[in-house]
Amino acid sequence: QSASAADYLPNFRNLARTGQFDIIIGVGFLLGDALGTVAAEYPEQKFAIIDVDWITGPNIINFVFRENEMSALIGALAGMAAADAGFAATGVVLGIPIPVLYHFEAGYRFGQAWGLDKYEELTGTAVDVSMLYTYTGTFDDIALGKAASEAMLAQGAVGIYNVAGPLGTGDHEAVVEFHDNAGTVYGPPFYFGVDANQDYFGQGLHALASGMKRVDVAVYTAVQAVVEGTFTAGVTSLGLAEGGVGISKRADLDAAIEFGVAAGVVEDTQSARNTIAANWTANRASVPTWIWEAIDDLEAGILDGSIAVPTANNDDEIEAVRADYPLN
């Protein structure tokens, strides 16, 4: 476990020099340079890196995700839920402004715009819903995430999409406290989880959906390639079609609950499981069925190629997406 960025290089070297491992996997964009350096030093050692597509070498598999696709689904859901419930905005709390997070923002912007157009098509009413967003510059300052969320909720955000990993704890706390102060249980404002399925947070209260980034699928694929002798260096992109990203559904909730039980954050009783499921079901029921059906339509369109979701890999590209979908 690396305590800081200074640990990345020695940790990779310590693993590689043993010669004991069939594959060494680095999880995260920030580990890319260190892994690339060590992979060059140990050419017989196989490596895989998550969230990087620029570390090349005959012994490295790069895995990237089309986070823009899953974020489009979350953006559409948030935008339509805001329009339906009379909220002025949606909220997104992001971490460090790096290409990986630009994928999330670009997809979300497109999705919210798509959702508002769909809302007008289905209801005959055009509604303006702005997008509030901030790059906090951190992935570990939970208090900063909470403060950013509180500011967005005060401006009328229908919910907060966590695109900053651990900061989601603070985002969720802000949503919970908003409901506590208002005396409400179900309905907006919502928390939108990221990466893993976080729908079980707070016993299933307030977390409407999660944009799931299946790092486990990438890791499994890397290990499988070594086991089966099919390891091939290069870049593998995982999106909706490959099961690499998605929006959370009931089966995902059940798996997340069991993960929570194993991690000790969910009580290992059927009653606790049932409570989470009941809260989740009631919360989802606060959003009309026709909105969920519209999200299914968007997902189907992305899968069949009839809907192309934009992405961004640098500052210029994300600025172009912001210009195309200003949402302000």
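What you see below is based on every heavy atom in this structure, not just the backbone, and it leaves out hydrogens, waters and symmetry mates. In this chain, residues are counted from 1 in sequence order. Just so we're clear, the structure is a prediction, and the values are computed from it rather than from any experiment.
Using cut-offs of 30° and 60° on the angle between ring planes, the pair Tyr119 and Trp290 is tilted. Ring planes of His206 and His179: parallel class, angle under 30° (limits at 30 and 60°). The aromatic rings of Phe110 and Tyr325 sit perpendicular, their planes meeting at an angle over 60°, well past the 30° parallel limit.
Here the straight-line distance linking atom CG of Asp171 with atom CD of Gln198 works out to 9.0 Å at 0.5 Å rounding. With rounding to the nearest 0.5 Å, the separation of CD in Glu120 from NZ in Lys118 is 12.5 Å.
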Worked check of side chain to side chain donor-acceptor pair (under 3.5 Å) between Tyr191 and Ser149: CA-CA 10 Å; Tyr191 171 76; Ser149 296; over 6 Å; no
For a side chain to side chain donor-acceptor pair (under 3.5 Å) check, start with the C-alpha distance between Asn274 and Gln270, then their side-chain angles and the critical distance, and finish with the verdict. CA-CA 6 Å; Asn274 291 344; Gln270 192 59 50; 3.0 Å; yes
Kindly indicate, with the supporting measurements, whether the criterion side chain to side chain donor-acceptor pair (under 3.5 Å) is fulfilled by Arg66 and Thr311. CA-CA 8 Å; Arg66 299 195 294 281; Thr311 193; over 6 Å; no
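Tracing side-chain contacts under 4.5 Å through hydrophobic residues (I, L, V, M, F, W, Y), one reaches Ile50 starting from Phe104; they form part of the same cluster. Grouping the Ile, Leu, Val, Met, Phe, Trp and Tyr side chains by contacts below 4.5 angstrom, directly or via other members, places Tyr135 with Val92. In the hydrophobic clustering of ILVMFWY residues, with side-chain heavy atoms under 4.5 Å counting as a link, Phe87 and Phe178 come out apart.
Between the side chain of Asp195 and the main chain of Arg214, no donor-acceptor pair closer than 3.5 Å is present. Judged by distance alone, with hydrogens and angles left aside, the side-chain atoms of Ser2 form no donor-acceptor pair with the main-chain N or O of Ser4 at under 3.5 Å. The closest donor-acceptor contact from the side chain of Gln203 to the backbone of Ala277 lies at 3.5 Å or more, if one exists at all.
Checking each of Leu253, Ile257, Asn279, Ile276 against Asp199 for a side chain to side chain contact (heavy atoms under 4.5 Å, CB included) leaves exactly one that passes, namely Leu253.
In this structure, the side chains of Val163 and Glu105 stay at 4.5 Å or more apart for every pair of heavy atoms. Inter-residue side-chain proximity for Tyr102 and Val100 is flagged as unmet; no heavy-atom pair is nearer than 4.5 Å. In this structure, the side chains of Thr136 and Val93 come closer than 4.5 Å at one or more pairs of heavy atoms. Between Tyr108 and Thr90, some side-chain heavy-atom pair lies under the 4.5 Å cut-off.
For the pair Arg284 and Phe190, the cation-pi test (distance below 6.0 Å, angle within 45°) is failed.
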